[in-house]
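Here the structure is a predicted model, which means the values were calculated and not measured. Residue numbering restarts at 1 for every chain, and letters A, B, ... go by the order of the sequence lines.
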Number of protein chains: 2
Amino acid sequence: MLSSDFVTGPVRAPTLADVASAAGVSLSTASHAFSGTKPVSTATRERVLAAAASLGWTGPNPLARNLRRGRSGVVGIAVGQLSTAFRDPAALAMLDAVSEELDAAGLGLLLMPDDEQVGVPLDAVIYDICGRETWGAYDELVARDVPLVVVEGPAWPGATHIDIDHRTGAAALARHLHDLGHRRVATLTLEASHPQREREAGLREVFTDVDVIGPSASDVATAQEAVGLWWDAGHAATAVVCQSDVQAAGVVVEARRRGLDVPGDVSIAGFDGVDLPWLDVELTTVVQPLGEKGRAAARAVLARIDGEHTEDVVLPVHLRVGGSTGPAPTP
Amino acid sequence: MLSSDFVTGPVRAPTLADVASAAGVSLSTASHAFSGTKPVSTATRERVLAAAASLGWTGPNPLARNLRRGRSGVVGIAVGQLSTAFRDPAALAMLDAVSEELDAAGLGLLLMPDDEQVGVPLDAVIYDICGRETWGAYDELVARDVPLVVVEGPAWPGATHIDIDHRTGAAALARHLHDLGHRRVATLTLEASHPQREREAGLREVFTDVDVIGPSASDVATAQEAVGLWWDAGHAATAVVCQSDVQAAGVVVEARRRGLDVPGDVSIAGFDGVDLPWLDVELTTVVQPLGEKGRAAARAVLARIDGEHTEDVVLPVHLRVGGSTGPAPTP
DNA sequence: CGTTTCGATCGAAACGTTTCGATGCTATCG
DNA sequence: CGATAGCATCGAAACGTTTCGATCGAAACG
């Protein structure tokens, strides 16, 4: 132990300064040789590269680089409880798009727990509402001047907002059901939140007396339970409008469990337009551009990191009619 | 513009040095007042806190702190394509446990894309195999001396390994099927990988001539397609053993689509022990401790960050018999 | 009363980069 | 041939902390 310490000396990772002196150049020249910020003669660069290789220098220490640059290269994303949020393929699809777009820009994506404040330096934060209303970290992030991108959220000062046209989508769906003759319509809701309010308003444009079920999480089991309780209480409707395809799937499962035919006895509609291969009926749903939503959020992040001005984005949605809705049953 | 610059001066975020001089103390005392590293008199501390508040100092710059401390407070987790990996609730359950455990330790969790190397400083990396064999970033991380924790992976030098007892679990499942009279058994496989090989070996302890289907991803649709092709090709078995519950669900759906009764005509078994509320049959499966696996990985990370020695972990699994397996049909 | 110990404070040295400005030096141009 | 560029290189100043070691009293001890 002593002898090995004596032989190898103190084990300190080599720094750029070590590389520079091994190559016989100044620190700044060595830096330029790697970053390419300023021109360096080929001979010098090769000498520096060789020195780096022989010392086992693995590239500039990111910690030091970050301090100097004033950036961490990390973007936070807050989605609430992970296992809850990502159980819905819609959230996953968006995350995927965000991740891809940020990767391409050389940024990392950090999962932020909702409640706690991370001691991690973040260049920006994406807040995906996922049915929540408030956010503990908001004030602190604003105080720290961290660029904020809010997805499907309420208007928060200082944030860039990426949203979809909940209201129009819900209204289109409502009209579709109305055209099919439905008059008694219920809606399975999410926790009170911006998307929930907007969609409900859209529904009420057509069905002013829509019956409200829930709230339920965007989750098969919870949806099943919520709608089950509602039916158990003696309520009924010829159509149930859900706030996600996953919820709708839960309602389909529960309806069938009770011997109801879909859409013969009850029409069921979803929201999002995700792929649920295990469900043997194609849901009538409001399709939202999940990938585009994620990319828009990522682009907003990049722009705000660069100090550019950003506009809020509202993405269009469209109705996709599947086999889960049909003519209202004749009484 | 000029006048405003003149009035407000250049807008620079206040630093601890500003706070210190505003409070009339030295930089180091100000630091101690916040971190509590050394005792500071109450009067002084309050003066410092007041100065910080009045200047709007939001706490130590994490970038600088990180450089000084030599830590970033960020742990990477590599799971492959996000939308693929997290489509399986098993992966999600583990991620959730990891996240919770790391949060408690004040560490952030960064999603690492498989292929690219991030320029982000990572204190450690968790690599969750998820059916892959190789890893582009491995060499670089080893060179950088980043602590590595591999979940369900092959033996990689320098890494701490967290695994489950695939083989024993698969063998127990095989014995269960054998006891039920099954002799012609097929298995739906994942991509060649450490878990796949181990589990197959476990199966072969009982069924030496097990028929191999796939490989397929851990995904309802892909599993459905793979087993569908296999059946189409004229193959048959009285039991199909899958590598995940999600796969098993896909096989159940496909079997029924073909008019096969489960488990009357074919028994179907899964792996993982996750909750699939939409499936109306409880799967016979090998239950693995997903939360514990995540926590073990997180604990290994914490230990290795602290430079402690870590032992590899192999977690036990157990068979859970559900309604998806039954006696082999009499020919 | 001299010596130790301890609490509070300070100055200065890291941490390892990137980048600004300056300095030669060699071509190029008129 | 003198002035002007432009290239290659260098030294030094940041970036904003944390922490090591020293200093200076005052309290505690024998």
ask   = Is a side-chain donor or acceptor of S41(B) paired with a backbone partner of T44(B) at a separation under 3.5 angstrom?
value = yes
key: Distance, rounded to the nearest Å, where R68(A) contributes CZ and dT17(C) contributes C1'   = 8 Å
request  = Verify the distance criterion only: is there a donor paired with an acceptor across the side chains of N66(B) and S72(B) at less than 3.5 Å?
outcome  = no
task = Rounded off to whole Å, could you give me the CZ-to-C1' distance for the R12(B) and dG16(D) pair?
result = 10 Å
query = Quick one: which of dT17(C), dC10(C), dT9(C) gets closest to the side chain of W57(A)?
reply = dT17(C)
task = Any chance you could encode DNA chain D as dot-bracket? Rule is Watson-Crick or G-U wobble with both distances under 3.5 Å; [ ] for pairs crossing earlier ones, | for another strand.
result = ||||||||||||||||||||||||||||||
task = State whether a side-chain donor-acceptor pair under 3.5 Å links T29(B) with S26(B).
result = yes
inquiry  = Tell me whether the rings of F86(A) and F86(B) are parallel (<30°), tilted (30 to 60°) or perpendicular (>60°).
reply    = parallel
d(CG, N66(B); P, dT18(D)) in whole Å = 10 Å
ask   = Can you find a side chain N or O atom of S26(B) that sits less than 4.0 Å from OP1 or OP2 on dC10(C)?
value = yes
message = Counting the atoms with a prime plus P, OP1 and OP2 as sugar-phosphate, which does S35(B) contact under 4.0 Å by heavy atoms, base, sugar-phosphate, or nothing?
response = nothing
task = For L63(A), report the nucleic acid contact type (base, sugar-phosphate, nothing); a contact means any heavy atom under 4.0 Å.
result = nothing
request  = Using whole Å, report how far CG of N61(A) lies from P of dC15(D).
outcome  = 19 Å
request  = Rounded to the nearest angstrom, tell me the gap between atom CD in E46(A) and atom P in dA8(D).
outcome  = 14 Å
Spacing of R69(A) atom CZ relative to dC15(D) atom P, expressed in whole Å = 16 Å
ask   = Can a donor-acceptor pair under 3.5 Å be found between the side-chain atoms of K38(A) and the base atoms of dG6(D)?
value = no
request  = For S41(A), report the nucleic acid contact type (base, sugar-phosphate, nothing); a contact means any heavy atom under 4.0 Å.
outcome  = sugar-phosphate
ask   = Across the strands shown, which category fits T15(B) at heavy-atom distances under 4.0 angstrom: base, sugar-phosphate, nothing?
value = sugar-phosphate
Distance-only check: which donor-acceptor pairs under 3.5 Å involve side-chain atoms of residues 307-314 of chain B, not counting sequence neighbours?
| residue | atom | partner | partner atom | Å |
| --- | --- | --- | --- | --- |
| T310(B) | OG1 | T160(B) | OG1 | 2.7 |
| D312(B) | OD1 | H161(B) | N | 2.9 |
| D312(B) | OD2 | H161(B) | ND1 | 3.4 |

ask   = Which of parallel (below 30°), tilted (30 to 60°) and perpendicular (above 60°) describes Y127(A) and W135(A)?
value = parallel
request  = Could you check how far CG of L55(A) sits from C1' of dG16(C), rounded to whole Å?
outcome  = 15 Å
request  = Return yes if some donor-acceptor pair links the side-chain N/O of D123(B) with the main-chain N/O of G73(B) below 3.5 Å, else return no.
outcome  = yes
query = Of the nucleotides dG16(C), dG16(D), dT19(C), which one has an atom closest to the side chain of A64(A)?
reply = dG16(C)
inquiry  = In whole Å, I'd like the distance from the NE2 atom of H32(A) to the P atom of dT17(C).
reply    = 14 Å
key: T44(A) side-chain N/O to dA8(D) phosphate OP1/OP2 under 4.0 Å   = no
task = Determine: side-chain N/O of T29(B) to OP1/OP2 of dA8(C), distance under 4.0 Å, yes or no.
result = no
request  = Could you check which of dC10(C), dT18(C), dG16(C) has an atom nearest any side-chain atom of S31(A)?
outcome  = dT18(C)
task = Please determine, for the side chain of L27(A), which listed nucleotide (dT18(C), dG7(C), dT9(D)) has the closest atom?
result = dT18(C)
key: Residue mapping more 5' on DNA chain C - nearest nucleotide basis, V25(B) or P60(A)   = V25(B)
request  = For E100(B), look at atom CD and say whether over 12 heavy atoms of other residues, nucleotides or ligands are found less than 6.0 Å away.
outcome  = no
